[in-house]
2 protein chains.
Amino acid sequence: MTDPDAPTPSQLNAYFALIEVSSLLRHAVEKQLKNAGDLSYVQFQLLARLNDLPQGRTRMTDLADGVVYSRSGLTYQAQLLEQRGLITRSPSPDDERGTLVSLTDAGRAVLDLVFPGHLALLHELFLDPLRADDIRRLGDILGRVREHMRALPPRSAAPRRKSAD
Amino acid sequence: MTDPDAPTPSQLNAYFALIEVSSLLRHAVEKQLKNAGDLSYVQFQLLARLNDLPQGRTRMTDLADGVVYSRSGLTYQAQLLEQRGLITRSPSPDDERGTLVSLTDAGRAVLDLVFPGHLALLHELFLDPLRADDIRRLGDILGRVREHMRALPPRSAAPRRKSAD
DNA sequence: TATTGTTATACTCTATAACTATA
DNA sequence: TATAGTTATAGAGTATAACAATA
């Protein structure tokens, strides 16, 4: 009755809407990426992230940051991408333990191949029904949540310590 | 240069924030549900949906609605839940082809077991950093996106027609 | 002929732990 | 001793197509 955690209708509404929207969006995007360039969403994220880096390369660990899952999962995806010639991996000169990941021209080509459809879908599903100020506000609010989550002790994407929880 | 689909920084910001927030939230929630009640997120959604129905039961197809994936996927999850005694399946009297799914007492018990932690996490990760009016606004905006998506010809959760795309 | 649901199957992804090597 | 990354392995989830039964 006085459960402090009992969510208000407004809170539930926001939660459910977030879950359903992100889940539908992700599902549709995954399909598009698969069809257009035979990429999984994670692979696309990795390539896109590399593409956004000025130098076009990083260490594995930095690449994984925020893509949320285990080291072995990253290695697995990197292997697939390397086999397809979309990235290269080479030992880091600075730290001999590290691996530098680079986007290849072929990798950039796949991104180019996939991007138009990706953007079209993004508009069709997500952006079109919203006004510019809605979008700003949405980004603002979710941006704050993101900062909050990033600042929390990592429950999920724990670096390597003893998995709390 | 004049690509009509080129997203503005504000649009990109909203998109990336949505993806990261939902993905971190989902990851954390999945972990909690697994630990607290050995439920996958989908299983939780199915049980919760059944729990919200006044009669406590529906047909498979209606249960799948919005949980976004294939019929066989639903059958798979329903099998797991039935094996654990959390739901029952029985032939529908109205339509002999249909299957009625019901939540059992054990199913309700698992939900009760899992709910407190679920809500706590929801607050900790998602709701706490937001003001009440942010949450209202967020639910409003995402609610509109949701309606928009639902109204679109189903690319992903296509009922059964010839899979477009 | 269309629809409901199941089955068989193959594949992708993820996580855990053990391991190598460098710092 | 801690960190970067890989490997081995095992399990969970998903999709496709073929199928049976009913409408």
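Heavy atoms only: backbone and side chains are in, while hydrogens, waters and symmetry mates are out. The shown structure was predicted, so the numbers you read here are calculated from the model rather than taken from an experiment. A note on names: the letters A, B, ... follow the listed sequences, proteins ahead of strands, and every chain is numbered from 1.
No salt bridge links B:D133 with B:R136; every basic N to acidic carboxylate O contact stays at or beyond 4.0 Å.
The side-chain heavy atoms of B:V29 and B:L25, taken from C-beta on, include a pair separated by under 4.5 Å.
Following chains of ILVMFWY side-chain contacts shorter than 4.5 Å, one cannot reach B:L53 starting from B:L100, and the two form parts of different hydrophobic clusters.
Considering only side-chain N and O atoms, B:H27 lies nowhere under 4.0 angstrom from the phosphate OP1 or OP2 of C:dC13.
Residue contacts shown for A:L63 are absent, as no nucleic acid heavy atom lies under 4.0 Å away. Across all strands shown, B:L100 has no heavy atoms under 4.0 Å from either base or sugar-phosphate atoms. Backbone-only contact: A:G98 has heavy atoms under 4.0 Å from sugar-phosphate atoms and none from a base.
Of the residues near DNA chain C, A:K34 and B:T99, the one whose nearest nucleotide (by heavy atom distance) lies more toward the 5' end is B:T99.
Distances were taken from every side-chain heavy atom of A:M60 (C-beta onward) to each of D:dT6, C:dT14, D:dT14; the shortest belongs to D:dT6. Comparing C:dT22, D:dG13, D:dT6 by their closest approach to the side chain of A:E96 singles out C:dT22.
Atom CG in B:D65 sits roughly 14 Å away from atom C1' in C:dT4 (whole-Å rounding). Straight-line distance from the CG atom of B:L81 to the P atom of D:dA12: 14 Å, rounded to whole Å. Atom CZ of A:R59 and atom P of C:dT22 are 15 Å apart (whole Å). Rounded to whole Å, atom C1' of D:dG5 lies 10 Å from atom CZ of A:R97. In this structure, A:N35 atom CG and D:dT16 atom C1' are separated by 14 Å, rounded to whole Å. To the nearest angstrom, C1' of C:dG5 lies 16 Å from CD of B:Q77. Distance CG (A:D95) to P (C:dA23): 5 Å, rounded to an integer number of Å. Following rounding to the nearest Å, A:Q83 (CD) and D:dT6 (C1') show an atom-to-atom distance of 14 Å.
For A:E147, the salt bridge (charged side-chain N to carboxylate O under 4.0 Å, His left out) test picks out A:R150, with sequence neighbours left out. With sequence neighbours excluded, no residue forms a salt bridge (charged side-chain N to carboxylate O under 4.0 Å, His left out) with B:D128. With sequence neighbours left out, A:R144 forms a salt bridge (charged side-chain N to carboxylate O under 4.0 Å, His left out) with A:D140, B:D134. Looking at residues two or more places apart in sequence or on another chain, you find a side chain to side chain donor-acceptor pair (under 3.5 Å) between B:E30 and B:R26.
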Between N or O atoms, less than 3.5 Å apart, protein on one side and nucleotides 7-11 of chain C on the other: list the pairs.
residue: C:dT7; atom: OP2; partner: B:Q79; partner atom: NE2; Å: 2.6

Side-chain donor/acceptor pairs under 3.5 Å, residues 106-121 of chain A, sequence neighbours excluded:
residue: A:R108; atom: NH2; partner: A:L103; partner atom: O; Å: 3.2
residue: A:H118; atom: NE2; partner: B:Y15; partner atom: OH; Å: 3.0

Report, one line per pair, each donor and acceptor closer than 3.5 Å where one atom sits in a side chain of residues 73-91 of chain B; sequence neighbours left out.
residue: B:T75; atom: OG1; partner: B:R71; partner atom: O; Å: 3.3
residue: B:Q77; atom: OE1; partner: B:Q43; partner atom: NE2; Å: 2.8
residue: B:E82; atom: OE1; partner: B:R89; partner atom: NE; Å: 3.1
residue: B:E82; atom: OE1; partner: B:R89; partner atom: NH2; Å: 2.9
residue: B:E82; atom: OE2; partner: B:R89; partner atom: N; Å: 3.1
residue: B:R84; atom: NH1; partner: B:D38; partner atom: O; Å: 2.7
residue: B:R84; atom: NH2; partner: B:G37; partner atom: O; Å: 3.1

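Interface residues of residues 37-52 of chain A facing DNA chain D, ordered by number: none; criterion, heavy-atom separation under 4.0 Å.
The stretch residues 44-58 of chain B participates, sequence neighbours left out, in no side-chain hydrogen bond (donor to acceptor under 3.5 Å, both in side chains) pair at all.
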